[in-house]
Amino acid sequence: MDKERNLATQSEVQRLIDKHNFKPNKAMGQNFLINSNVLDTIIEGADITKEDYVLEIGPGLGTLTLKLAERAGHVIAVEVDRQIIPLLKDTLQKSDNVTIIEGDFLNPIVGEQIKKSLENKSAVVVANLPYYITTPALMSIIEDYKMLKRAVLMMQKEVAYRVIAQPGSRLSGSVKDYGVLSIAVQYYMQARILTEVSRADFFPSPGVDSAVVRLDRRKNPAVYVENERMFFSIVRAAFGQRRKTLFNSLSAGLGYPLGKEGIRKVLEKTGINGSRRAETLSLQEFANITNEISKELQILSSSQQP
């Protein structure tokens, strides 16, 4: 493999672009990393060994792919833009342990192909996520790819801080970080930021700064809930109208069949003040509400049986 070649420079990126007469697509988030130190942080942070299969989403020019191929047993690179495939193949011409899948990572057919490739493998995902698919891609990684034990992901800085946010935390001003995304990620994964990345570290330069987040899959979810679907329904209802109190949000979002009095009873039993806002509740408190509602629904169902 071509270990001496450093693609994380503006001159090398420009050379490849010019060679293939390629024009980066801003709408697809085609901003290429030109900082070798950040590249090294991503690679080191992923703890990849020759036993691992690596899934890379949006390899672009292959700057990160090339480094991953040096460490991993095999790399599966998923690229949606057919126009950039010739550049990617140029970069990876000496890497014989890379499989390129042309298609949209979020497409179910592509997803089945990826899952088949990763079946029974020790798998890690490492990616510079395009901004326009960050949240759906992140949720797919967490929920649909249970074989992935770890993820190291570059994403928009604001989204990264939402991922690691704790109850009541804010990034700046009135922007509330803690919400549905925070809870969904932290329910399944342990999350931490490895480094922040300036917009100047990309070419062309995007309009926002980025951060690299490491996610490690928990052996068991962070909290125990009787019903996961109900847990996330409650979380979404609670955050559905941030200005409302928890009691009002839950009453409006999932009051039936318990009604307002039923919701009030649940909050009293869990010791949670209904006048609080959703962003102040911990995962455990949301779990307590879920489990208490499950009990109340079981009681209600039993009482209605002939």
Side-chain angles (χ1 to χ4, degrees), residues 5-46 54-69 75-92 98 100-106 125-141 151-163 171-172 181 193-215:
R5 193 174 176 191
N6 181 13
L7 295 180
T9 64
Q10 183 169 335
S11 60
E12 184 64 13
V13 169
Q14 190 67 62
R15 185 192 69 78
L16 272 173
I17 288 174
D18 291 345
K19 177 181 177 181
H20 294 271
N21 194 28
F22 177 77
K23 185 177 181 180
N25 188 327
K26 183 182 291 188
M28 299 184 73
Q30 289 177 341
N31 308 101
F32 308 115
L33 186 64
I34 55 172
N35 185 320
S36 295
N37 292 329
V38 174
L39 190 65
D40 291 341
T41 297
I42 294 172
I43 296 297
E44 294 299 326
V54 174
L55 169 63
E56 185 186 9
I57 304 163
L61 300 177
T63 307
L64 179 57
T65 321
L66 193 64
K67 292 288 186 180
L68 293 171
V75 179
I76 298 169
V78 184
E79 177 55 59
V80 68
D81 184 9
R82 292 185 176 182
Q83 301 300 316
I84 207 171
I85 295 294
L87 288 78
L88 181 60
K89 289 183 176 179
D90 187 345
T91 300
L92 301 173
V98 179
I100 299 172
I101 296 178
E102 297 182 34
D104 184 352
F105 170 72
L106 297 175
V125 60
V126 183
N128 179 4
L129 291 177
Y131 297 146
Y132 74 103
I133 66 161
T134 296
T135 299
L138 180 56
M139 293 313 303
S140 180
I141 288 166
V152 175
L153 308 170
M154 177 100 72
M155 62 186 71
Q156 186 174 338
K157 180 179 174 181
E158 182 178 331
V159 178
Y161 276 92
R162 285 168 56 201
V163 165
L171 176 60
S172 63
L181 182 64
I193 289 180
L194 297 181
T195 189
E196 294 183 3
V197 185
S198 167
R199 65 193 72 187
D201 291 325
F202 295 91
F203 176 78
S205 177
V208 296
D209 294 324
S210 300
V212 179
V213 179
R214 171 165 165 159
L215 306 175

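Residue numbers start at 1 and run along the sequence shown. As the structure is a prediction and not an experimental result, all values here were calculated from the model. Hydrogens, waters and symmetry mates play no part in the numbers below; they use all other heavy atoms, side chains included.
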- Query: Looking at side-chain heavy atoms only, is the closest gap between Y131 and M28 below 4.5 Å?
  - Reply: no
- Item | I101 side, atom CD1; E56 side, atom CD - distance, nearest 0.5 Å | 12.0 Å
- Message: Under the side chain to side chain contact (heavy atoms under 4.5 Å, CB included) test against V212, which residue among L194, I193, V126 passes?
- Response: L194
- Report the distance from atom NZ of K67 to atom CD1 of I42, rounding to the nearest 0.5 Å. 12.0 Å
- Yes or no on side chain to side chain contact (heavy atoms under 4.5 Å, CB included) for V208 and K157, after CA distance, side-chain angles and deciding distance? CA-CA 8 Å; V208 296; K157 180 179 174 181; over 6 Å; no
- Rounded to the nearest 0.5 Å, what's the gap from CG on N128 to OG on S210? Could you check? 7.0 Å
- Message: I'd like to know if the side chain of R199 and the backbone of P206 have a donor-acceptor N/O pair within less than 3.5 Å.
- Response: no
- Query: Heavy-atom distance under 4.5 Å between the side chains of L215 and V163, does that happen here?
  - Reply: yes
- Got a donor-acceptor contact below 3.5 angstrom from the T41 side chain to the N37 backbone? yes
- Starting at CG of L61, measure out to CG of L7 and round the result to the nearest 0.5 Å. 7.5 Å
- Side-chain heavy-atom pair T134, L153 within 4.5 angstrom cut-off: no
- Query: Short question: side chain of D209, backbone of S198 - any donor-acceptor pair under 3.5 Å?
  - Reply: no
- Query: Given side chains that start at C-beta, do those of L181 and M139 come closer than 4.5 Å, heavy atoms only?
  - Reply: yes
- Query: Hey, does L92 have a side-chain heavy atom less than 4.5 Å from the side chain of I100?
  - Reply: yes
- Message: Hydrogens and angles aside, do Y161 and Q156 bring a side-chain donor and acceptor to less than 3.5 Å of each other?
- Response: no
- CG of D81 to CZ of F22, rounded to nearest 0.5 Å, is 5.0 Å
- Tell me, do L55 and F105 make a side-chain contact under 4.5 Å, heavy atoms counted? yes
- Message: Is the shortest side-chain heavy-atom distance between L138 and I133 below 4.5 Å?
- Response: no
- Message: Does N21 have more than 12 heavy atoms from other residues, nucleotides or ligands lying within 6.0 Å of its CG?
- Response: no
- Query: Got more than 12 heavy atoms from elsewhere within 6.0 Å of CD, Q14?
  - Reply: yes
- Separation between CD1 (I17) and CD1 (I84), nearest 0.5 Å, reads 8.0 Å
- T65 versus T91: any side-chain heavy-atom pair under 4.5 Å? no
